[in-house]
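Naming: A, B, ... by sequence-line order, numbering from 1 per chain.
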There are 6 protein chains.
Amino acid sequence: MTSEIRRPSGRAADQSRDIRLTRDYTRHAEGSVLVEFGDTKVLCNASVEAGVPRWLRGKKQGWVTAEYGMLPRATHSRSGREATRGKQGGRTLEIQRLIGRSLRAAVNLKKLGEYTITVDCDVIQADGGTRTAAITGGCVALIDAIRYLQREKLIKGDPFHQLVGSISVGLYKGIPVVDLDYPEDSSADTDMNVVMAEGGELIEVQGTAEAGTFSRAELNAMLDLAEKAGAELFAHQREALGIRG
Amino acid sequence: MTSEIRRPSGRAADQSRDIRLTRDYTRHAEGSVLVEFGDTKVLCNASVEAGVPRWLRGKKQGWVTAEYGMLPRATHSRSGREATRGKQGGRTLEIQRLIGRSLRAAVNLKKLGEYTITVDCDVIQADGGTRTAAITGGCVALIDAIRYLQREKLIKGDPFHQLVGSISVGLYKGIPVVDLDYPEDSSADTDMNVVMAEGGELIEVQGTAEAGTFSRAELNAMLDLAEKAGAELFAHQREALGIRG
Amino acid sequence: MTSEIRRPSGRAADQSRDIRLTRDYTRHAEGSVLVEFGDTKVLCNASVEAGVPRWLRGKKQGWVTAEYGMLPRATHSRSGREATRGKQGGRTLEIQRLIGRSLRAAVNLKKLGEYTITVDCDVIQADGGTRTAAITGGCVALIDAIRYLQREKLIKGDPFHQLVGSISVGLYKGIPVVDLDYPEDSSADTDMNVVMAEGGELIEVQGTAEAGTFSRAELNAMLDLAEKAGAELFAHQREALGIRG
Amino acid sequence: MTSEIRRPSGRAADQSRDIRLTRDYTRHAEGSVLVEFGDTKVLCNASVEAGVPRWLRGKKQGWVTAEYGMLPRATHSRSGREATRGKQGGRTLEIQRLIGRSLRAAVNLKKLGEYTITVDCDVIQADGGTRTAAITGGCVALIDAIRYLQREKLIKGDPFHQLVGSISVGLYKGIPVVDLDYPEDSSADTDMNVVMAEGGELIEVQGTAEAGTFSRAELNAMLDLAEKAGAELFAHQREALGIRG
Amino acid sequence: MTSEIRRPSGRAADQSRDIRLTRDYTRHAEGSVLVEFGDTKVLCNASVEAGVPRWLRGKKQGWVTAEYGMLPRATHSRSGREATRGKQGGRTLEIQRLIGRSLRAAVNLKKLGEYTITVDCDVIQADGGTRTAAITGGCVALIDAIRYLQREKLIKGDPFHQLVGSISVGLYKGIPVVDLDYPEDSSADTDMNVVMAEGGELIEVQGTAEAGTFSRAELNAMLDLAEKAGAELFAHQREALGIRG
Amino acid sequence: MTSEIRRPSGRAADQSRDIRLTRDYTRHAEGSVLVEFGDTKVLCNASVEAGVPRWLRGKKQGWVTAEYGMLPRATHSRSGREATRGKQGGRTLEIQRLIGRSLRAAVNLKKLGEYTITVDCDVIQADGGTRTAAITGGCVALIDAIRYLQREKLIKGDPFHQLVGSISVGLYKGIPVVDLDYPEDSSADTDMNVVMAEGGELIEVQGTAEAGTFSRAELNAMLDLAEKAGAELFAHQREALGIRG
């Protein structure tokens, strides 16, 4: 990757921010992880509840879902509280649907039994990449919740299927870069969120040209960056969880 | 592309459904297009209104936005009316945000003047691919609305920038196929919506593994199919609009 | 009826617009009728669902209800989408209650079994008289849904009771006229919607003086017009359904 | 009118309930009337506010509107509070639209100046006919609010145009009767609300066959009853207001 | 208590307004009381319904809850109808939670059986102290609803536990006063609502410094006033209910 | 204070939990404080915005308001997200109104200029006493926001008026205790929240008997405990802010 551009943070084009995963961040949730991608901080709490949504009853499987929220002053200027406005905005719904889909790829729902795990991802501080941080940290919280179910002998098998992580890539001043922070994100030409499974295979790719278009070659350059960053994400997750790679 | 699988419709893997674009479908809208991708029928009405949203006032530019809805019985079984339930669902919001972003890529907002064009995409009958049909038909309705502004001498320059079209691709029984209909869509392993500009460049790529994962090679095979189908889409749009290629 | 006034459309005072009833307009609904009263076009989809509302359970009868909506650009200027505003307006609720009551008069609910038929009336294009068109077309869609229940042997008897049709009448520049289009409707002194059964008997009469008042004599002159137009409505319905008069 | 049937109340077919209009029922409103039609009690408060709705600004006229509500236990069994459910139901919206239209017929809006008069009609106790009582009592409250504007010299001319009153009629066991109470209303074949101006001319007619149909002859018999009852209504209004007939 | 200040009403500092409790004010409710504290008038209707909220099912106890509303023109200037705005405001929710808690102190829920009593407190006219009037009158309506349950032999024991009454006290121009009316309430330095049981013991104390602070000594002086007024409240309740003290 | 009871935490009756105030907890807010009362953790972010609510415009003063929220899994079992349910519950509204009123007592609004400071109090982890922690921490965040306005020379004078802190007291197994944690709070007979100014004067007192009643003597014993704890609160605030006592 070229080193000609200067990223606002001084990072190299293929350099992610410092990633930290702090388990047991709060006391009550069955899985509670504070994930930090640099200054982006998201609290991911996984809650276990007996039962499944109505449309899954009797199908002998569990369910994993996610909700996403942002504290009003997680951002540069205060944004109205969604509870006050009376509904979740389109951006919020879109993000929590993405997180939910992504985390379900980490789990074998048939082995989960009739339990629902809800992963609440609440942004404490935002600096770009909140959804990718939420997926990456949410996966660890989800696994802790699964371990709780096993430890309490509420389920027999192991529903954990594979680690799932996510990173953003984009074209900043025409150059592919990884893990965009807010200053980059707000002026990038193209912005892409990539969700990957442990082996590098793809789970979700969402790329958007904010201005102009992007070519197949640029798409491939961005995916190369994501693939490389993915390996780091999974190493962080394994380390946090105490799993050997 | 292999011809080994049998698609439920009997189509070849790289064969789109019949695409029809009927302009002036209703009387009142400045642009009104019925778009059909086989049995999927979406009415795209583009409405011109003077003024722009509050956050754009004084910035000497226009705005293009979209709304999406589905008639309650556009689908196999009746789904509740969103107006009755009191809010638009997450899927609806996600789709209309995608349509709006995509259509803005067709326009030079600076040249639009302080006008807002709202493209309402209402699904009359659904058989898979409603969002890709909506983008493809909505682009034609949008251009008709721009032509209205020019004809009425409400603006001087030409804000039309480029044709924008969209098609779905996916992995059906492991094989890349284009323009999935409902039977394919509901059992596909991976589903991807691709929004392209006239020259084949990419505007948006949204690929989701519904089950399992997909590889970089599969992603590329799907994008090849989308690129090929894109050429047809733009030919249909040009023909409908009476533009030479 | 006098021919002294000139109606904007050039029609005689007792002349309805061209009425068209197109069955099987969409694929999925058990009954699907596009009804046109001139430029007013309403899609009426009747959906069959097993079960009845909670308050009817165990009463060994069925239920017929209606919902009404207008596409945002069915009208001269765009009106906000009710799903976006978060609720149905008073006019919408009033109209769908009228349609529901009227269509229940077409059916013997005791013979319907524990099925609910919901008739969605969505206005594709509006030019006055959308509620009367919806009732007239909705009745045909409802009968097709009943025929479906019989054909599928889901019910034994025939719940169809009588044809129901509706037409508007009004005082336009002081003269009674039938089937007002938008230009007449928006400047009429009095506007009345009449719902009739096949034999000419009345099901609902809603007359409103928009300006001033109306006399008993004027009421009777308007009802005479409605009665005459009713005969045509029922002929159209019978023809569409292939029923002998 | 035949006297063969026994009305549950023992009233003659053409006999209204006792009607009482109590002015100045509460202290704060510019017009405050408790209207009683037998056991139906509705508090009608007319409030004067400077200014008109946005769509009337600059048109040099005033506005009259109405809102309708029912205390949760105004009825035999408690019905949920609309403020708790988060919206006004269709019946409420339909009734308040009717009251508003009817009361506007009492006023010359051009002479009202840029004032809005809102007439709140809240049902304290319900026994059938709440909407007709609300119109009849609301008209008196409205006139008191107009007199306030004149007394305070906020307007110059007299916007009062004509008295407006309303009564229900119906077919009860096949016989036309006037001013239905709840036991009659809930089992009537046909139910009609008639809004009249002082001279007997019609402002609104809303007749609904709850079961079966009704004939032109029955419609006329019901309107005869309404006309006769109307004369009494206007006498009550004049007496309450101290106006000579 | 000092008599140096002049209260706007001319009352002595320790003098409550005239209190009136009118039972059987409306016909349908099992308990219906109009309570008047001077010009403040609140209609308290207690409704009995079989069953308890979901979270109490199977716990062999009943439930008492309250709802509070204000007619739009109960106040000096019209306030918007909460049903129209689509939600109850924070003040309303806070007050109805207080009323519900207070009234539950009057009842032995275990002896109530699986019945819910809902006490609707609707303010007909407001002049300060609506919540204290609502608790005082609501208690009487509640007891009438309990007596109904006993009279109808729907329950065996007597769930009535103790009378509950409420009065406001405050610091007006620095002097402790009891039962503030609107002119006092709107300019008081401190405002306190006290809910008491028959013996003078406290159920709820809510004191707020609207400007500045208040001392422990002032708190005690206010509570002395409340205690004295409480004795009168309970006398009024006993008299209305025909209970010997 | 007696030491006979054993509090679940082993604390003495007059012993508060460890209190920690961490300033600058997040980056973006003008004031950002994490307040901990033992295991109760609340993030208080104070945001400065130019302008005041509509009803204060032109009155040459500022405004201070608060919003309160709880992360879904701050508690033992997950509670639904208010943004998803579409409204803030009564408890939330009641608490945020209390916080807002309390914090306004810390400020001279006339000296604040036409600025609004919104203090968002979001509960990260709950173990009883979230509202008292929010007031105590929110006051520090508010002062930091005021200091920001002064530092940026946006205002001239000093709107800071006095420190405001809050603590809960209650009757646990009949004994007055201070700063109840969740196990105590959920089984206390009486629960009281006290808001105090720096000198010990009272700003708000809200005491509720959850079961039975409480006497004047018990009220006074609880207030004694609150007064003593208040002195500690203000010491913590001064230390955090670097103010000498």
Side-chain angles (χ1 to χ4, degrees), chain B residues 24-34 36 38-50 65-89 91-93 96 116-127 141 145 181-182, chain C residues 24-34 36 38-50 65-89 91-93 96 116-127 141 145 181-182:
Chain B
D24 299 323
Y25 190 73
T26 64
R27 279 178 56 184
H28 302 306
E30 283 74 32
S32 177
V33 171
L34 182 78
E36 298 169 79
D39 275 334
T40 289
K41 303 183 186 201
V42 184
L43 175 52
C44 306
N45 280 338
S47 297
V48 169
E49 286 164 302
T65 187
E67 295 198 3
Y68 173 92
M70 215 185 242
L71 295 192
R73 196 56 196 281
T75 43
H76 283 79
S77 59
R78 187 176 184 272
S79 52
R81 192 175 287 269
E82 291 187 321
T84 307
R85 276 183 285 161
K87 62 176 175 182
Q88 295 181 296
R91 179 184 171 277
T92 295
L93 290 169
Q96 73 187 17
T116 295
I117 301 178
T118 303
V119 182
D120 287 289
C121 300
D122 285 276
V123 180
I124 305 294
Q125 188 172 280
D127 187 36
D181 54 26
Y182 180 76
Chain C
D24 299 323
Y25 190 74
T26 64
R27 279 178 55 184
H28 301 308
E30 285 72 31
S32 179
V33 171
L34 181 78
E36 298 170 78
D39 275 334
T40 288
K41 304 182 186 199
V42 184
L43 175 53
C44 306
N45 280 338
S47 298
V48 169
E49 285 163 302
T65 187
E67 294 197 4
Y68 173 91
M70 215 186 242
L71 296 192
R73 196 56 196 282
T75 43
H76 282 80
S77 60
R78 186 176 185 272
S79 52
R81 192 175 288 267
E82 291 187 321
T84 307
R85 278 182 284 162
K87 62 177 175 181
Q88 295 180 296
R91 180 184 170 276
T92 295
L93 290 169
Q96 73 187 17
T116 296
I117 302 179
T118 303
V119 182
D120 286 290
C121 301
D122 285 277
V123 180
I124 305 294
Q125 190 172 278
D127 187 37
D181 54 25
Y182 180 77

*Asks:* Mind checking the CD-CZ spacing from E30(B) to R78(C)? Nearest 0.5 Å is all I need.
*Replies:*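 The CZ atom of R78(C) is 11.5 Å from CD of E30(B), to the nearest 0.5 Å.
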*Asks:* Would you give the length of the straight line joining atom CD of E67(C) to atom CG of L71(B), rounded to the nearest 0.5 angstrom?
*Replies:*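 One gets 12.0 Å once the value is rounded to the nearest 0.5 Å.
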*Asks:* Taking side chain as everything from C-beta outward and backbone as N, CA, C, O, which of these in Q125(B) sits under 4.5 Å from a heavy atom of chain C? Side chain, backbone, both or neither.
*Replies:* side chain
*Asks:* Any idea which of A74(B), A126(B), S77(B), G86(B) has the most non-hydrogen atom pairs under 4.5 angstrom with chain C?
*Replies:* G86(B)
*Asks:* Between T92(C) and chain B, with a heavy-atom cut-off of 4.5 Å, which part of the residue counts as in contact: side chain, backbone, both or neither?
*Replies:* neither
*Asks:* Against chain B, label L93(C) side chain, backbone, both or neither, depending on which of its atoms sit under 4.5 Å from a heavy atom there.
*Replies:*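 Contact with chain B: none, neither part.
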*Asks:* Heavy-atom pairs under 4.5 Å with chain B are the metric here; pick the option from V48(C), L43(C), T118(C) that has the most.
*Replies:*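 Looking at each of V48(C), L43(C), T118(C) in turn, T118(C) comes out on top.
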*Asks:* Search all heavy atoms of E82(B) against all heavy atoms of A83(C) and return the closest pair with its distance.
*Replies:* CB-CB, 3.6 Å
*Asks:* Side chain from CB out, backbone as N, CA, C, O: work out which of these in D120(B) comes under 4.5 Å of a heavy atom of chain C, or both, or neither.
*Replies:* both
*Asks:* Between CD of Q88(B) and OG1 of T84(C), what distance do you get to the nearest 0.5 Å?
*Replies:* 3.5 Å
*Asks:* At a heavy-atom separation under 4.5 Å, does I124(B) approach chain C through its side chain, its backbone, both, or neither?
*Replies:* both
*Asks:* Counting only non-hydrogen atoms closer than 4.5 Å, does S32(B) touch chain C with its backbone (N, CA, C, O), its side chain (CB onward), both, or neither?
*Replies:*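 For S32(B), there is no contact with chain C at all, as no heavy atom is under 4.5 Å.
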*Asks:* Please determine whether a side-chain nitrogen of the Lys or Arg among R73(C) and D122(B) lies less than 4.0 Å from a carboxylate oxygen of the Asp or Glu.
*Replies:*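 Looking at R73(C) and D122(B), the cut-off is not met.
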*Asks:* So which residue, H76(C), E49(C), R85(C), ends up with the most heavy-atom pairs under 4.5 Å with chain B?
*Replies:*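 The option with the most such pairs is H76(C).
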